[in-house]
Protein chains: 2
Amino acid sequence: MGYSFPDGTNISPELERHIRQLHAVVGNAVTEGRFIVFGAGSTQLLNAAVHALSPDVPSTSSTAGGGGGVAAGVVATAPFYPIYELQTEYFASVDFQYQGDTSLWIAGGNSSKTIIEFVTSPNNPDGKLNEAVLKGPNFKAIYDRAYYWPHFTPIPAADDGELKIFTLSKLTGHAGSRFGWAIVKDEDVYNKMLMHMQLNTMGVSRDTQLRALKLLKTIMAEGGGRTIFDFGYQTMKSRWEKLRKVVSVSKRFSLQDVSSHYCVFSGRVRESSPAYGWLKCEREEESDCYGVLKAAGIIGRGGSVFYATDRNVRLSLIKTRDDFDLLVDKLQKLVSAEQDEEEGGGDGNGIEQHVANVTEYQPLRRRM
Amino acid sequence: MGYSFPDGTNISPELERHIRQLHAVVGNAVTEGRFIVFGAGSTQLLNAAVHALSPDVPSTSSTAGGGGGVAAGVVATAPFYPIYELQTEYFASVDFQYQGDTSLWIAGGNSSKTIIEFVTSPNNPDGKLNEAVLKGPNFKAIYDRAYYWPHFTPIPAADDGELKIFTLSKLTGHAGSRFGWAIVKDEDVYNKMLMHMQLNTMGVSRDTQLRALKLLKTIMAEGGGRTIFDFGYQTMKSRWEKLRKVVSVSKRFSLQDVSSHYCVFSGRVRESSPAYGWLKCEREEESDCYGVLKAAGIIGRGGSVFYATDRNVRLSLIKTRDDFDLLVDKLQKLVSAEQDEEEGGGDGNGIEQHVANVTEYQPLRRRM
């Protein structure tokens, strides 16, 4: 098995064709006249996109010019997927720098500096259908569309933007296969991303591409590609309703509101059924919601992981059924105890225990 | 299929165990007490190693200090595998910069700046068993051991160094699977490389790891892991001898000398049977040896690809048998024509044709 396909790239044309077909069935992305780049999950593509959208800044040792200009700034809006910052900081380049929250740049439109905005839509952790905040000639958006599939959200329209990234991991659950793709409008950006993939890993493992092709063929063989999404939507809707029902009777906890939109895939108005509950502890003294849940045996991800505060915790609805049932069960116990407390006048039992967890060390692994 | 194995890493312990077993059989690398990191081929590991060996230089935007110091310099000795320079330049970091040929730094030992030296041994393109040129506390070597297997070279001793990188692609030929591994002595460097893999691609595709495991199991099942190398050595030896025989009667072309060493794998003195012939055009006017061969239908890689000159051309001995036979056949015709010329007094026919190719544009793809 050699390095490249007959066209000289490392991209299987057959797999690319199936990806375009799938988007046509779902209606979540315009692919006509666009280029497709493969990556090892969306992870590799995120940084490739940052590289490709950044100006070429000559390093101090370089004698040749080639481009010039100042390094791009990279921003995101909290709460956001932490890899954006961790990755951008780790691969600290002369061409780009992580520069904090989007809000700092809204008034800064008079600068000619390139600002690259990460937009996750639906958002991880809170499921919102975010749009780019920064608009203008020097602002460029990378749309992370990992969750833009009918099991998680209504599809209001096909993403027609410049650069959007999808991944197998939230489509079929094969996160370990490390397969994602970017759909790119500009040929120059596409070529830069191809070069990135070549110099980083010489493209995506051909074994992985074969696995992805097999998965997409299986999806397309059932109901012309619709069956998996009908199943996925029913599953997520049912889980979301169970979770919401438990939390709805609580004053101590609340969940994010979700929106409804007309969905081009299903042909009707649908409510979101997000991958994650973004749970909030409403009691003023329970600012460490992560610790509160942990004391009850529920391991979520504290909001600080997502550059918010630990008053929110992300609860995953996309674990195994057993794990999800356990989550609902444990939350139910917490909510029942809250109601018993209220009925009994409330002795505050358990709160000291929660506070003991506030200062718990949160290793980097929790961020990923 | 999720992200991680039970120990929290993305590294299959079963595959790691098989890699250690294989090195024990071959005797080409010390693995006891060493850490192993997986990568998408050696390609991804090369840059991960550069990152891990570089000091942590605060970027100008960063407020936190953390490490400090000047960026590392990265060097290699020509002729060398071009990815070292291309990759280091492309991923231009605040922590390291590509800084040209090793020779520039031999006298520069008075500096405290970290210099990272790429050492390919056996070397690509010329098969030499290179060793690090730079010695001293601020010099660090990355040994690229892609070709350090008994089919290409005698194994004088197990590599006992700080950081060595191997790849499946030159072991079994599965280049497209993108699987390699680094063997690392220092735990801090190991942890940095793990972090690199996590933030770059979240580790190596589990499909690829499974494929690699299957391949290593197959290797180990035959003759306790020895059979593939006996076969590979016989194949390479036979090819090398064929190539050398054709060139030996020529005054126009020559091949590199190869060395003999005691080989711990075979238990006797053996001559190298390199993956590539490093062919030289001996006629003064044929400085574009790449063009000379191309005109005769032989596509090698010009020496300039490897930061030497095009007076040398790399010829691959590790293509399919048909491709190799064609190569020998075409070379034989060139050499026969040379002898006819000599017998007939030499009318210089064909030389103009070769010169026309001298200025041919050499795209980047030829470097990779």
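Keep in mind that this is a model prediction, so the values were computed, not measured. Chain letters run A, B, ... following the sequence lines, proteins first, then strands; residues in each count from 1.
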Indicate the atoms forming the closest heavy-atom contact of A:Arg178 with B:Val204, along with that distance.
CG-C, 4.3 Å
Are B:Asn47 and A:Asn200 linked by a side-chain donor-acceptor pair shorter than 3.5 Å?
no
Give a yes or no on whether the backbone of B:Thr201 and the side-chain of A:Gln44 come within a donor-acceptor separation of less than 3.5 Å.
no
If you look at every heavy atom in A:Thr43 and B:Leu199, which pair is closest and at what distance?
CG2-O, 3.6 Å
Given the options B:Ser205, B:Ala40, B:Ser93, which has more heavy-atom pairs under 4.5 Å with chain A than any of the others?
B:Ser205
Applying side chain to side chain contact (heavy atoms under 4.5 Å, CB included) to A:Thr208 and B:Arg206, what does each step give before you reach the verdict?
CA-CA 8 Å; A:Thr208 297; B:Arg206 273 34 120 216; over 6 Å; no
Heavy-atom closest contact (A:Lys192 atom, B:Tyr90 atom, distance)
O-OH, 3.3 Å
Working to the nearest 0.5 Å, report the span between CG of A:Asp207 and CG of B:Asp207.
7.5 Å
Supply the atom-to-atom distance B:Gln87 CD to A:Gln198 CD, rounded to the nearest 0.5 angstrom.
11.0 Å
So, taking the atom named NE2 in B:His51 and the one named CZ in A:Phe91, what distance separates them when rounded to the nearest 0.5 Å?
5.5 Å
Proximity breakdown for A:Ser42 and chain B, heavy-atom pairs closer than 4.5 Å
neither
